[in-house]
Amino acid sequence: MSTTTPIVNGTDFITVPTRDYEKASEFYGTVLGLPFSKRWGNKPAGEFETGNLTIAVMQSDAFGLEFQAHTHPIELHVDDFDAAHAELEARGVKFKGDTIDSGVCYQAFFEDPDGNALAIHHRYAPKDAKPGGQSQT
(Lines give C-alpha, C1' and ligand atoms only; values in the text may rest on other atoms or scores of the structure.)
Protein backbone atom coordinates (compact mmCIF):
# COMPACT_ATOMS: atom_id res chain seq x y z
CA MET A 1 0.00 0.00 0.00
CA SER A 2 1.34 3.40 -0.97
CA THR A 3 1.72 6.20 1.57
CA THR A 4 2.35 8.78 -1.13
CA THR A 5 0.01 11.75 -1.28
CA PRO A 6 -2.38 11.30 -4.22
CA ILE A 7 -1.67 13.45 -7.26
CA VAL A 8 -5.11 12.99 -8.85
CA ASN A 9 -8.16 14.02 -6.85
CA GLY A 10 -10.98 13.85 -9.38
CA THR A 11 -12.03 13.52 -13.01
CA ASP A 12 -12.87 16.69 -14.92
CA PHE A 13 -14.30 15.03 -18.05
CA ILE A 14 -14.03 12.09 -20.41
CA THR A 15 -13.45 12.55 -24.12
CA VAL A 16 -15.44 10.78 -26.82
CA PRO A 17 -13.94 10.83 -30.32
CA THR A 18 -15.94 11.71 -33.41
CA ARG A 19 -15.40 12.04 -37.15
CA ASP A 20 -18.16 14.68 -37.42
CA TYR A 21 -18.60 17.05 -34.49
CA GLU A 22 -21.91 18.54 -35.69
CA LYS A 23 -23.49 15.10 -36.11
CA ALA A 24 -22.17 13.91 -32.74
CA SER A 25 -23.30 17.14 -31.06
CA GLU A 26 -26.80 16.59 -32.41
CA PHE A 27 -26.82 13.03 -31.04
CA TYR A 28 -25.56 13.87 -27.55
CA GLY A 29 -27.65 17.03 -27.25
CA THR A 30 -30.90 16.04 -28.95
CA VAL A 31 -31.15 12.24 -29.00
CA LEU A 32 -29.67 11.71 -25.52
CA GLY A 33 -30.96 15.07 -24.29
CA LEU A 34 -27.75 16.00 -22.48
CA PRO A 35 -27.34 19.70 -21.68
CA PHE A 36 -24.62 21.40 -23.73
CA SER A 37 -22.25 23.37 -21.51
CA LYS A 38 -19.34 24.67 -23.55
CA ARG A 39 -17.71 24.79 -26.98
CA TRP A 40 -13.91 24.55 -27.18
CA GLY A 41 -13.39 27.94 -28.83
CA ASN A 42 -13.67 27.60 -32.61
CA LYS A 43 -12.55 23.94 -32.54
CA PRO A 44 -15.00 21.12 -33.36
CA ALA A 45 -15.37 20.00 -29.75
CA GLY A 46 -17.82 20.65 -26.96
CA GLU A 47 -19.02 19.41 -23.61
CA PHE A 48 -22.26 17.79 -22.51
CA GLU A 49 -23.35 17.29 -18.91
CA THR A 50 -24.72 14.04 -17.46
CA GLY A 51 -25.19 15.32 -13.92
CA ASN A 52 -22.05 13.81 -12.43
CA LEU A 53 -19.67 13.55 -15.40
CA THR A 54 -18.93 15.80 -18.36
CA ILE A 55 -18.69 14.12 -21.77
CA ALA A 56 -16.45 16.08 -24.14
CA VAL A 57 -17.12 15.26 -27.78
CA MET A 58 -14.02 15.96 -29.86
CA GLN A 59 -13.50 15.67 -33.61
CA SER A 60 -10.27 13.69 -33.69
CA ASP A 61 -8.68 14.97 -36.90
CA ALA A 62 -8.99 18.62 -35.81
CA PHE A 63 -6.61 17.80 -32.95
CA GLY A 64 -4.16 15.75 -35.01
CA LEU A 65 -5.46 12.47 -33.66
CA GLU A 66 -6.53 9.33 -35.45
CA PHE A 67 -10.20 8.52 -34.89
CA GLN A 68 -10.78 5.33 -32.94
CA ALA A 69 -14.18 4.51 -31.46
CA HIS A 70 -14.47 3.47 -27.81
CA THR A 71 -15.42 -0.19 -27.60
CA HIS A 72 -16.23 -0.31 -23.88
CA PRO A 73 -19.40 1.55 -22.94
CA ILE A 74 -19.93 4.70 -20.99
CA GLU A 75 -22.74 3.66 -18.63
CA LEU A 76 -25.35 6.43 -18.49
CA HIS A 77 -27.52 6.37 -15.36
CA VAL A 78 -31.30 6.46 -15.79
CA ASP A 79 -33.93 6.54 -13.04
CA ASP A 80 -36.66 4.71 -15.00
CA PHE A 81 -34.98 2.07 -17.16
CA ASP A 82 -38.03 0.98 -19.17
CA ALA A 83 -39.14 4.55 -19.92
CA ALA A 84 -35.62 5.62 -20.93
CA HIS A 85 -35.22 2.55 -23.15
CA ALA A 86 -38.55 3.21 -24.89
CA GLU A 87 -37.85 6.94 -25.35
CA LEU A 88 -34.40 6.35 -26.81
CA GLU A 89 -35.83 3.78 -29.22
CA ALA A 90 -38.46 6.34 -30.26
CA ARG A 91 -35.60 8.79 -30.93
CA GLY A 92 -33.91 6.29 -33.24
CA VAL A 93 -31.46 4.51 -30.93
CA LYS A 94 -30.90 0.87 -31.91
CA PHE A 95 -30.05 -1.26 -28.90
CA LYS A 96 -27.62 -4.16 -29.32
CA GLY A 97 -28.83 -7.42 -27.88
CA ASP A 98 -31.17 -7.95 -24.99
CA THR A 99 -31.31 -6.01 -21.74
CA ILE A 100 -28.92 -7.46 -19.19
CA ASP A 101 -30.15 -8.05 -15.65
CA SER A 102 -27.05 -8.68 -13.53
CA GLY A 103 -29.00 -9.35 -10.36
CA VAL A 104 -28.39 -5.81 -9.10
CA CYS A 105 -28.86 -3.63 -12.20
CA TYR A 106 -30.23 -3.39 -15.73
CA GLN A 107 -28.08 -2.44 -18.72
CA ALA A 108 -28.82 -1.97 -22.41
CA PHE A 109 -26.07 -1.28 -24.94
CA PHE A 110 -26.05 0.97 -28.03
CA GLU A 111 -23.68 3.14 -30.05
CA ASP A 112 -23.42 6.78 -31.01
CA PRO A 113 -23.21 7.68 -34.75
CA ASP A 114 -19.43 7.05 -34.72
CA GLY A 115 -19.72 3.60 -33.15
CA ASN A 116 -18.67 4.64 -29.63
CA ALA A 117 -20.12 2.18 -27.13
CA LEU A 118 -22.74 3.54 -24.72
CA ALA A 119 -25.27 1.97 -22.37
CA ILE A 120 -28.14 2.98 -20.18
CA HIS A 121 -27.84 1.65 -16.65
CA HIS A 122 -30.13 1.44 -13.65
CA ARG A 123 -29.10 -0.09 -10.34
CA TYR A 124 -32.19 -1.39 -8.55
CA ALA A 125 -30.44 -3.07 -5.60
CA PRO A 126 -28.70 -1.37 -2.67
CA LYS A 127 -25.04 -0.43 -3.27
CA ASP A 128 -23.79 -3.20 -0.97
CA ALA A 129 -25.94 -5.91 -2.59
CA LYS A 130 -24.37 -8.72 -4.60
CA PRO A 131 -26.13 -10.58 -7.41
CA GLY A 132 -28.70 -12.90 -5.90
CA GLY A 133 -29.85 -10.34 -3.33
CA GLN A 134 -27.14 -10.97 -0.74
CA SER A 135 -25.47 -8.07 1.04
CA GLN A 136 -21.71 -7.87 1.32
CA THR A 137 -20.36 -8.19 4.83
Answer yes or no: is there a side-chain heavy-atom contact under 4.5 Å between [X] and [Y]?
X: Asp114; Y: Pro17; answer: no
X: Lys23; Y: Tyr21; answer: no
X: Phe27; Y: Val57; answer: no

Would you give the length of the straight line joining atom [atom1] of [X] to atom [atom2] of [Y], rounded to the nearest 0.5 angstrom?
X: Arg123; Y: Gln107; atom1: CZ; atom2: CD; value: 10.5 Å
X: Glu87; Y: Ile120; atom1: CD; atom2: CD1; value: 11.0 Å
X: Phe67; Y: Asp20; atom1: CZ; atom2: CG; value: 10.5 Å
X: His122; Y: Asp79; atom1: NE2; atom2: CG; value: 7.0 Å
X: Glu75; Y: Cys105; atom1: CD; atom2: SG; value: 7.5 Å
X: Thr50; Y: Ile74; atom1: OG1; atom2: CD1; value: 9.0 Å

Discussion item. Per the salt bridge (Lys or Arg N to Asp or Glu O under 4.0 Å) rule, what does the pair list look like for residues 102-113, sequence neighbours excluded?
Written reply: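 Sorted pair list: Lys96-Glu111.
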
Worksheet item: Between Ala84 and Val78, which heavy-atom pair has the shortest distance, and what is it?
Response: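 Minimum heavy-atom contact is CB-CG1, 3.7 Å.
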
Worksheet entry | Minimum heavy-atom distance between Phe81 and Ala108, given as atom pair plus value |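 So the minimum-distance heavy-atom pair works out to CZ-CB, 3.7 Å.
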
Fill in: Connected-component partners of Trp40 among ILVMFWY, side-chain separation under 4.5 Å
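Its cluster partners, ordered by chain and number, are Phe13, Met58, Phe63, Leu65.
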
Practice prompt. Tell me who clusters with Phe109, hydrophobic residues only, linked when side chains sit under 4.5 Å apart either directly or through other members.
Written response: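 So far as hydrophobic clustering goes, Phe109 is joined with Ile100.
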
Practice prompt. Look at the aromatic rings of Phe95 and His85 and report parallel, tilted or perpendicular, splitting at 30° and 60°.
Written response: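 Parallel, since the angle between the ring planes stays under 30°.
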
Worksheet item: Should the ring pair Phe48 and Tyr28 be called parallel, tilted or perpendicular, given that the plane angle runs from 0 to 90° and is split at 30 and 60?
Response: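 Tilted, since the angle between the ring planes falls between 30° and 60°.
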
Item to complete: Using distance alone, with no hydrogens and no angle criterion, decide if Thr18 and Gln59 have a side-chain donor and acceptor under 3.5 Å apart.
Response: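 Distance-only check fails for Thr18 and Gln59.
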
Item to complete: Answer with yes or no whether the side chains of Thr54 and Glu47 bring together a donor and an acceptor at under 3.5 Å.
Response: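 There is no such pair (donor and acceptor under 3.5 Å, judged by atom type) between the side chains of Glu47 and Thr54.
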
Could you check whether any side-chain N or O of [X] sits under 3.5 Å from a backbone N or O of [Y], counting only pairs where one atom can act as donor and the other as acceptor?
X: Asp101; Y: Tyr106; value: no
X: His70; Y: Thr15; value: yes
X: His121; Y: Leu76; value: no

Worksheet entry | salt bridge (Lys or Arg N to Asp or Glu O under 4.0 Å) evaluation trace for Glu22 with Arg39 | CA-CA 12 Å; Glu22 296 305 325; Arg39 178 84 184 230; 3.6 Å; yes

Discussion item. Heavy-atom count check: over 12 atoms from other residues, nucleotides or ligands less than 6.0 Å from Gln68 CD?
Written reply: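 Open.
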
Discussion item. Salt bridge check, Arg19 against Glu66: does any charged N sit closer than 4.0 Å to a carboxylate O?
Written reply: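 Here Glu66 does not pair with Arg19 in a salt bridge, since their nearest N and O are not under 4.0 Å apart.
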
